[in-house]
Amino acid sequence: MAKLILIDGSSYLYRAFHALPPLSNARGEPTGALFGVVNMLRATLKAKPEYLAFVSDAPGPTFRDTLYAQYKAHRPPMPDDLRAQVEPMLAIVGALGFPILRVPGVEADDVIGTLAVQAQALGIEVLVSTSDKDMAQLVSPHVTLVNTMSNTMMDRDGVMAKFGVRPEQIVDFLTLTGDTVDNVPGVSKCGPKTAAKWLAEYGTLDGVIANADKVGGKIGECLREALPLLPLSRQLVTIKTDVPLEFGPTDLAQRDPDTAQLRELYARYEFKAALKDLDAAEQATGIVEQPTGEAGAVEPAVLSGPVAVIDAALSAPGDYELVTTLTQFDAWLERLRDAELIAFDTETTSIDAMRADIVGISFAVQAGKACYIPLGHDYPGAPKQLDRHHVLAALKPVFEDPTRPKLGQHAKYDINILSNYGIAVQGLKHDSMLESYVWNATATRHDMDSLAKKYLGYETIKYEQVAGKGAKQISFSQVDLDTACRYAAEDADITLRLHHALWPKLDSVPALRKVYEEIEIPLVPVLAAMEQRGVLIDGDVLRRQSQQLGKRMLELQQQAHAVATHEFNLDSPKQLQTVLFDELGLQAKLKTPTGQPSTNEEALEAIADTHELPRLILDYRSLAKLRSTYTDKLSSIVNPRTGRVHTSYHQGSVATGRVSSSDPNLQNIPVRTEEGRRIRQAFIAPPGWQVLAADYSQIELRIMAHLSGDEGLLRAFHAGGDVHRATAAEVFGVPPEEVTTNQRRAAKAINFGLMYGMSAFGLARQLSVDRGEASDYMGRYFSRYPGVRAFMEATREQAHRNGYVETIFGRRLYLENLTSRNQGLRQGAERAAVNAPMQGSAADIIKRAMIAVAAWLKDRDDAHMLMQVHDELVFEVRADAVDEVRAAVVERMSGAAELAVPLVVDVGVGANWDEAH
DNA sequence: AGCGGAGCCTA
DNA sequence: GTAGGCTCCGCTG
């Protein structure tokens with residue numbers, strides 16, 4: 001059964017303030033009450049409730065003040081030492097991921113009462129965490145009070161034991177006893193015992209009132225005296241359970257905690273146990289949450305309250321309309337024409353845009369107001385839907401009008417879908433996935449469900465909930481219309497709400513806004529076009545290669561079995577381990593991270609001279625990899641409709657700003673070995689066309705020269721020629737023409753290693769020299785290129801100071817684990833920090849180049865951009881246009897950034913991708 | 001059927 | 001030693 005924990009914030013703050021000694025931190029700030037509350041919150045989280053909230057009083061009068069001017073009139077003002085702890089408390093509560101609820105006009109109790117009743121109706125178990133006895137009136141079979149500070153729980157029996165009355169009698173009980181602290185008038189001389197006695201006798205307050213005459217003695221007079229005020233008192237002590245709220249119990253999921261901010265707050269207020277918990281969690285997961293706000297010095301006051309308060313406009317349930325009539329559709333068409341920003345989403349039959357059919361479209365034009373237009377639900381008994389052709393034809397002018405701004409979540413997919421129906425979407429202005437990605441690429445995944453949870457505290461309907469999962473999953477076209485509407489309209493609605501939550505963040509940092517507006521958003525249609533175009537594959541070439549590879553693999557396999565004297569699965573590292581190290585008794589040189597003797601390439605290479613089996617395995621593996629991943633796979637993935645391979649480019653999955661490619665991954669096609677390179681021969685151009693490949697020469701090293709400003713490195717690049725040779729000449733103190741092959745190899749290893757944040761130890765390993773020698777090389781390198789060392793130091797320092805490093809264009813690259821107590825994790829983070837500005841800037845540059853080249857290609861039909869492989873762009877070009885395209889591509893790639901060194905681009909042209917290199 | 005580990009391809 | 005994606009096995013449901 002799902003559980004909801006409601007925390008009575010004010011009650012805890014007061015109770016902790018009075019119960020704990022007046023602690024303070026090194027700055028002299030009071031921390032006692034905070035400490036108590038933080039411990040209570042941490043204990044609460046350990047219960048892992050599905051839903052939770054921290055409820056506190058909103059500023060301003062409530063309905064009780066209106067009802068009775070004397071209400072709480074004698075309450076002393078909040079002590080300064082307590083007041084000072086309110087803002088930090090809210091900051092910590094927010095950073096822990098609690099939804100904070102503050103509703104004006106009512107007290108926290110009323111919000112808690114209302115949510116408790118609502119949750120109960122939904123079959124949710126409720127725990128009310130409070131130290132306020134008045135709350136006992138809420139207790140029921142599924143509502144229990146918890147007092148974390150005294151570590152007690154109070155259910156129905158507990159209420160009876162403590163008060164001597166049933167929970168439903170608590171209101172009457174409190175009315176009779178009154179409350180001197182809150183200035184609620186009761187019956188004087190009537191304490192808990194008398195109240196319980198009367199209620200036991202007459203059942204209810206009304207019963208007591210009706211029988212007021214029968215009560216004798218002095219106390220009877222007091223009762224009769226109090227009679228006129230009792231109805232008012234009852235109103236005052238009754239906790240409301242019908243407050244109109246913009247959110248419900250199920251909106252109250254915990255958000256992702258902001259560990260970085262927590263660490264800072266805990267450190268500031270010196271909560272050592274809480275800090276230790278954070279460290280333990282970090283060690284366990286190896287993950288540290290990145291701050292989502294401006295990193296650097298964080299003043300708790302700035303980040304408190306509103307950051308985590310559920311914003312009614314962004315978190316309320318939406319109003320979704322299922323559009324099945326022309327009247328409805330025309331009304332929405334009108335809304336779209338008037339909209340400042342159109343949020344749209346498509347529903348289809350497949351996640352592969354190239355094979356998907358459209359099933360429906362949803363729109364949102366304001367938060368909470370969305371529609372779903374079903375177009376292709378075809379289950380038995382499906383209601384009649386609008387004509388797809390008519391709807392798309394009517395929407396086409398809207399989608400294709402660049403002056404009507406549009407918003408999507410991963411809009412590239414929807415653009416591809418609509419393109420299948422002849423609609424060329426123009427005017428994509430925003431994409432919530434990219435907003436989140438540019439804001440902080442690593443704080444969260446950027447799918448809508450994760451974003452809604454993190455930035456809105458909203459739990460979306462999951463696709464699995466409407467369509468099932470695994471083998472039983474049905475197509476969206478089989479989902480009933482009402483369910484489909486809830487799901488699909490929510491997608492458009494949440495996209496819009498996410499935009500409202502994320503855009504102000506981006507807009508507040510000019511460099512990030514520029515990266516988003518000038519790089520990521522314009523890149524969307526460019527990538528979409530590349531995916532749709534696809535690349536032509538020669539299936540016959542691949543099939544022939546598969547056969548040849550298979551034949552040679554079989555031979556190797558038979559030889560291996562003969563050597564091992566029995567059959568075994570060459571693809572199984574585990575079986576191989578047994579054969580090599582147990583049966584044949586070979587000496588294992590390396591271990592896997594899990595402690596098993598390793599059978600990876602390096603380990604087999606190391607024992608290849610002691611037995612013939614390792615070499616057979618190595619040969620077999622390289623062939624198996626080629627066949628399973630490339631020759632078999634690629635020919636099977638050719639789209640039958642287009643005869644081409646259509647990859648997907650991912651704009652939101654690489655921490656440094658690169659794009660990645662999958663289904664298939666065209667960014668890891670072999671190139672280093674002769675056999676591998678043959679696979680590239682299958683990437684061809686149509687008859688009369690050529691493949692043109694253009695790649696940046698040493699782009700990351702050039703960026704290092706630019707960023708570091710190191711004179712030696714700048715000179716080397718300005719001189720042109722072989723930079724590794726130039727480096728070797730400097731490091732080894734010989735003229736460039738006398739540099740030996742080994743010297744150049746060492747220099748190249750240093751150049752690359754430095755960009756990966758390498759240590760002398762790593763270089764020694766790479767070059768197979770001892771550590772002293774490697775460290776000697778690095779010493780000489782840094783003495784020749786002192787600017788490089790300074791740059792690396794500065795980068796590490798910036799990473800520690802800000803939690804992120806930046807690219808040339810100001811993209812922020814957050815680092816995880818920089819403050820880890822685990823040395824390995826921390827050093828890993830520092831290496832990543834050193835590499836990130838170079839890898840990230842290179843990514844920015846090629847993205848800018850792609851946008852520029854695509855703009856130039858826009859109205860041409862003699863060349864298409866097909867692939868991006870990090871520092872390389874691949875095109876198909878009609879033979880008569882090759883020279884012109886080559887010049888234009890080089891010009892735009894070289895001109896994609898103004899660096900302190902030239903950006904050199906090498907171009908090759910050929911009948912296939914291999915020849916074009 | 002889904003998942004983690006091992007291994008290996010790219011820049 | 002940076003950044004990814006894909007395939008296989010072998011385990012768990």
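Proteins come first, then strands; the chains are lettered A, B, ... in the order of their sequence lines, and each starts at number 1.
Here the P atom of nucleotide B:dG7 and the CG atom of A:Leu570 are 14 Å apart, to the nearest Å. Between A:Asn569 atom CG and C:dT7 atom C1' the separation is 13 Å, expressed in whole Å. Across the protein-nucleic acid pair, A:His917 atom NE2 and B:dT10 atom P stand 11 Å apart, rounded to whole Å. Computed from coordinates, the A:Arg796 CZ to C:dT2 P distance equals 13 Å when rounded to whole Å. In this structure, CE of A:Met838 is placed 13 Å from P of C:dT2, rounded to the nearest angstrom. In this structure, A:Asp906 atom CG and B:dA11 atom P are separated by 14 Å, rounded to whole Å. Between A:Asp619 atom CG and B:dC8 atom P there is a gap of 12 Å when expressed in whole angstrom units. Per the geometry, OH belonging to A:Tyr814 stands 20 Å off C1' belonging to C:dT2, to the nearest Å.
A donor atom on one side chain and an acceptor atom on the other are not found under 3.5 Å apart for A:Gln667 and A:Arg658. Side-chain atoms of A:Gln681 and A:Asp914 include a donor-acceptor pair closer than 3.5 Å. A:His870 and A:Glu700 form no side-chain donor-acceptor contact under 3.5 Å, judged by distance and modelled atom types alone.
At the heavy-atom level, A:Lys469 lies nowhere under 4.0 Å from the strands shown. Residue-level contact check: A:Arg672 touches the bases, meaning some heavy atom is under 4.0 Å from a base atom. A:Val671 comes within 4.0 angstrom of the backbone, heavy atoms only, and of no base. Within 4.0 Å (heavy atoms only), A:Ala842 reaches no atom of the nucleic acid at all. Note on A:Leu754: nothing from the nucleic acid sits closer than 4.0 angstrom, heavy atoms only. Contacts of A:Phe752 with the nucleic acid, taken as non-hydrogen atoms under 4.0 Å apart, are absent. Note on A:Glu872: nothing from the nucleic acid sits closer than 4.0 angstrom, heavy atoms only. Residue A:Arg831 is classed as a sugar-phosphate contact, given heavy-atom separations below 4.0 Å to backbone atoms only.
Ranking B:dA11, C:dG4, C:dG1 by closeness to the A:Arg658 side chain, first place goes to B:dA11. Out of C:dA3, B:dC8, B:dA11, the shortest distance to the side chain of A:Ala655 is found at C:dA3. Here the side chain of A:Tyr630 is nearest to one of B:dC9, C:dA3, B:dA11, namely B:dC9. In this structure, the nucleotide among C:dG4, C:dA3, B:dA11 sitting nearest to the side chain of A:Ser660 is C:dG4. When each of B:dA11, C:dT7, C:dG4 is scored by its nearest atom to the side-chain atoms of A:Lys633, the top-ranked nucleotide is C:dT7. The nucleotide whose nearest atom lies closest to any side-chain atom of A:Ser653 is, among B:dG7, C:dG5, C:dT7, C:dG5. Nearest to the side chain of A:Gln766, among C:dG1, C:dG5, C:dT7, sits C:dG1.
In this pair, A:Tyr437 and A:His446 present their aromatic rings perpendicular. The plane angle is above 60°, beyond the 30 to 60° band.
Between A:Gln575 and C:dG10, a side-chain N or O to OP1/OP2 separation shorter than 4.0 Å is present. Taking side-chain N and O atoms only, A:Ser572 has a distance below 4.0 Å to OP1 or OP2 of C:dG10. The phosphate of C:dC8 (OP1 or OP2) has no side-chain N or O of A:Lys574 nearer than 4.0 angstrom.
Under 3.5 Å, the side chain of A:Asp571 and the base of C:dC8 form no donor-acceptor pair of N or O atoms. Remark: the A:Lys625 side chain and the B:dC8 base include a donor-acceptor N/O pair separated by less than 3.5 Å.
Across residues 598-613 of chain A, A:Ser598, A:Thr599, A:Asn600, A:Glu601 each have a non-hydrogen atom less than 4.0 Å from an atom of DNA chain B (numbered order).
Residues meeting the side chain to side chain contact (heavy atoms under 4.5 Å, CB included) test with A:Ala682, sequence neighbours left out: A:Val541, A:Leu542.
Residue A:Glu605 forms a salt bridge (Lys or Arg N to Asp or Glu O under 4.0 Å) with just one option from A:Arg615, A:Lys589, A:Arg621, and that option is A:Arg615.
Contact detail for A:Thr599 and A:Pro573: the closest heavy-atom pair is OG1-CB, 3.9 Å.
Residues in residues 776-785 of chain A take part in these side chain to side chain donor-acceptor pair (under 3.5 Å) pairs, two or more places apart or across chains: A:Glu730-A:Arg784, A:Asn751-A:Tyr781, A:Glu773-A:Tyr777, A:Asp776-A:Arg780.
Note on A:Glu675 versus A:Arg678: no salt bridge recorded, every NZ/NE/NH1/NH2 to OD/OE distance being 4.0 Å or above.
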